[in-house]
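Worksheet: the structure to be examined is printed underneath.
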There are 4 protein chains.
Amino acid sequence: MTPAETATLRPRIEGEREQEIFEAAIDVLAEVGYDRLTMDAVAARAKASKATLYRRWNGKIPLLIDALLNSKEHSHSPADTGTLRGDLLEMFCGMGGLTDHDSVAVFGSVVTALCRDEEFAAAFRTEFIGPKSAASHAMFERARARGEIGEHVDLDLLAPALAGIVMHRVFMLGELPDEGLVERVIDQIILPAATHRPDTVAGARTSHTRTSPRTQKDLT
Amino acid sequence: MTPAETATLRPRIEGEREQEIFEAAIDVLAEVGYDRLTMDAVAARAKASKATLYRRWNGKIPLLIDALLNSKEHSHSPADTGTLRGDLLEMFCGMGGLTDHDSVAVFGSVVTALCRDEEFAAAFRTEFIGPKSAASHAMFERARARGEIGEHVDLDLLAPALAGIVMHRVFMLGELPDEGLVERVIDQIILPAATHRPDTVAGARTSHTRTSPRTQKDLT
Amino acid sequence: MTPAETATLRPRIEGEREQEIFEAAIDVLAEVGYDRLTMDAVAARAKASKATLYRRWNGKIPLLIDALLNSKEHSHSPADTGTLRGDLLEMFCGMGGLTDHDSVAVFGSVVTALCRDEEFAAAFRTEFIGPKSAASHAMFERARARGEIGEHVDLDLLAPALAGIVMHRVFMLGELPDEGLVERVIDQIILPAATHRPDTVAGARTSHTRTSPRTQKDLT
Amino acid sequence: MTPAETATLRPRIEGEREQEIFEAAIDVLAEVGYDRLTMDAVAARAKASKATLYRRWNGKIPLLIDALLNSKEHSHSPADTGTLRGDLLEMFCGMGGLTDHDSVAVFGSVVTALCRDEEFAAAFRTEFIGPKSAASHAMFERARARGEIGEHVDLDLLAPALAGIVMHRVFMLGELPDEGLVERVIDQIILPAATHRPDTVAGARTSHTRTSPRTQKDLT
DNA sequence: CAATAAACGAGACGGTACGTCGAGTCTTCCT
DNA sequence: AGGAAGACTCGACGTACCGTCTCGTTTATTG
């Protein structure tokens, strides 16, 4: 009678059953993508009834949000290596899971869903992106506290940049990334931006609008 | 009577008729959004038949992509302003068409197709990404020729970075971008990365930290 | 509350629901005719979905056949009146459902299917023609047992003759039959053929002719 | 200049070109049946344009009527053999063309069309059935003039009976007929009905309604 | 003997119905 | 009592065919 002991035959959606449904949903998502994922398919794979799914979730979107949140352990472990560079490498060591083709497919489906469904987007941003973003921010704040980042650098701009650059290459350019790519982006873009002196580019910043193009050539 | 002059009454989908369909699609898109846009609705508004739409486009996504690309002029004109900053601002002034919510929705739909359909991905990358990428590269090459970019900077890494950062904010963070955002990214990330001196960054990388530079090099 | 008593509200297609769909089909058929009858119209009138109709029937023809067969009682009751004439009149009183123009149209549609689809033809002959044919044969056998039919008469030839003659008039000649027609065919063709004495006919065959009986036998 | 000499390259629909279209129509009709015959298919097979077909015929029905009328030579040759039996065998020697499976298919399609389209039915009955029916009637009238058929026999009933019985066996029972079948029907049904004495079956005729069933047993 | 008007093939077009599929609801059985 | 199974309504999908139309081209008759 105790729920913990009737493991294999428990009919109610509690814990393990829920996890099975999540896995089924993720499987189907990875196989056919968000658009072609149907509740029937998830129900069939989970050997559950559609009614059961709809009793617990409002539709495919809430179900997938829950599934994604529970499938990725997404441990926002601080991973304090003592340097921004180390922290970033640590955080992106697994590329956020974009290391194999299936994971890319799942994530791509999420992108579509983000653009398609405002409700899903809001929930996903709050519950999935939010924590990652917070962790990233904390990381950059620590770097700033250590003096690695100039006071004038906008962390809201810089913190998500690495992820953006990498994902753009994955989705738009069709690149399957490795850790070397991450490292190069960190060294050539993120860290230079974190450490640049404001006056160096201040001239360039105003050149197009206020100064003559000729003046800027001197900056190079 | 000359066929070249009977412009307004030509029935075939050639130029103007196509444009009418695009406008109908954009109209419906603006009214009901991507999800509730149906081919029937577009056909009805364009006074065309569904068969005509399907003869020319595979479905709503290709139709809408075409419609959005043709509605926005998205002129890949080199736009040589004389400075990298000016060129970048010029190129991204319209955000590549990602200025309104529906455009984002349609573009987001592409991502799934990119991950699922290799043929579509190839075509998209060749015909859509390709020209933009080439224009961007040319722009950076000009900047390097002018001396705005250091020799050690990897343009293959830097050129797509701005688009990646912006699109990441749009898709993942749900930000509707304005030109100010583009300007800030250019000034705070792209230009610093373009103009950084390798040793300067190396210094920044190691200065104000608790670990030695040597230790970090091991991480590379 | 007992499931057996909730007759009017049962949603599944079981008996009464099916009957409602049949009635809707017959209604639409009567209103717009066979050609302009659409599955959408039937579904709308029956407050059913097209999917439900297609789940149960292959298309409009099977649906209408069922509808017509179920609307007409077409009871294949043996109807033993004691005479062949009475039995035949009894059996054909409803013409097998061919009493109105639409029924003829639907039944006529079967003919093409019979010529085109061997599987359908087999099923139709087994399940629809078969019982009628068996009942007809039994009827003629009873008549022979009573002595109404000569021993030399081929019942396999005579039993389907009435139906053939009547249907030919209906389909080919466009006659809408009444019971009087059936009666005249019975009296003037079926019963004479059933009761003729072989020698009598042979005499008739040769008498009043210009050629010899021998000559005609060669034609056989 | 003479139309008979420009045979292979004549573009206008005159004579031979028309015949080619008719053959194409009959071919398609035999292959896919009336329902699935499309104007596109006929046009494609005839290497003609749909516009050409519609210029000359109003739709598939007039086209098919013309095609059927011109394909079957349907020579209503009197074929006066001197006896009804001989005439009937002569007339049905080719079964009206129902000797092979394809012809049966074509004719079956016609039956469907007869039931589906009142316009086609009217035209077909006037132009195709009519002459055949008249020829048959003339044949029976000659027989009556020779004394082979009793005065009380209704020729309107008897004349179409043979065709009806045979076609019923072909379409409904799925029998591919041979000449032996025709002969047996003639000898066992048509000729007995033609030569029967009215008083022989008069009792049977009234038995079901006016006399007792018992009385009729005496008639056998 | 070119020029012209008619008729042609080819096939896109607007429209209508088709038959299928998925979402979300509901009922029935089963455990 | 609650879940599995699956039929149901609704609505959009993408396809097929109809009958009309516009294209160029070819043919037979004119200027």
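So you know, we letter chains A, B, ... as the sequences are listed, proteins then strands, and number each from 1. A quick note: this is a predicted structure, and the numbers were derived from the prediction, not measured.
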* Spacing of B:I21 atom CD1 and B:D66 atom CG [to the nearest 0.5 Å] -> 11.0 Å
Detail all sub-3.5 Å separations between protein N/O atoms and N/O atoms belonging to nucleotides 16-18 of chain E.
from   : atom 1 : to    : atom 2 : distance (Å)
E:dC18 : OP1    : C:M39 : N      : 3.2
E:dC18 : OP2    : C:M39 : N      : 3.0
E:dC18 : OP2    : C:D40 : OD1    : 3.2

* **Most 5' of C:N58 and B:R55 on DNA chain E, judged by nearest nucleotide** => B:R55
* **Residue pair C:M39, C:L63: steps toward the side-chain contact (heavy atoms from CB on, under 4.5 Å) verdict** => CA-CA 9 Å; C:M39 294 300 265; C:L63 169 58; 4.1 Å; yes
* Asked: Between D:A43 and D:S49, which heavy-atom pair has the shortest distance, and what is it?
  -> CB-C, 4.1 Å
* Which whole-number value in Å describes the distance from C:R56 CZ to E:dG19 C1'? -> 17 Å
* **Rounded distance (Å) that lies between atom C1' of F:dG19 and atom CG of D:L63** => 14 Å
* **5'-most by nearest nucleotide on DNA chain F - A:A43 or B:G59** => A:A43
* NZ/NE/NH1/NH2 to OD/OE distance under 4.0 Å, B:R45 and B:E20 -> no
* Figure out the CD1/C1' separation between D:I61 and F:dC18, and round it to whole Å. => 12 Å
* Asked: Relative to each other, are the rings of D:F124 and D:F107 parallel, tilted or perpendicular (30° and 60° limits)?
  -> perpendicular
* Asked: Closer than 4.0 Å, any side-chain N/O of B:R17 to the OP1 or OP2 of E:dG14?
  -> yes
* Atom-to-atom span, CD of B:E20 to P of E:dG14 - whole angstrom -> 10 Å
* Structure fact -> ring pair (Phe, Tyr, Trp, His ring centres under 6.0 Å) pairs touching residues 15-52 of chain D, sequence neighbours excluded, are D:F22-D:W57
* Asked: When the distance from CD1 of C:I21 to P of F:dA7 is rounded to whole Å, what number comes out?
  -> 14 Å
* Send over the distance from B:W57 CH2 to F:dC13 P, rounded to a whole Å. => 15 Å
* Structure fact -> Atom CZ of B:R45 and atom C1' of E:dG14 are separated, to the nearest Å, by 18 Å
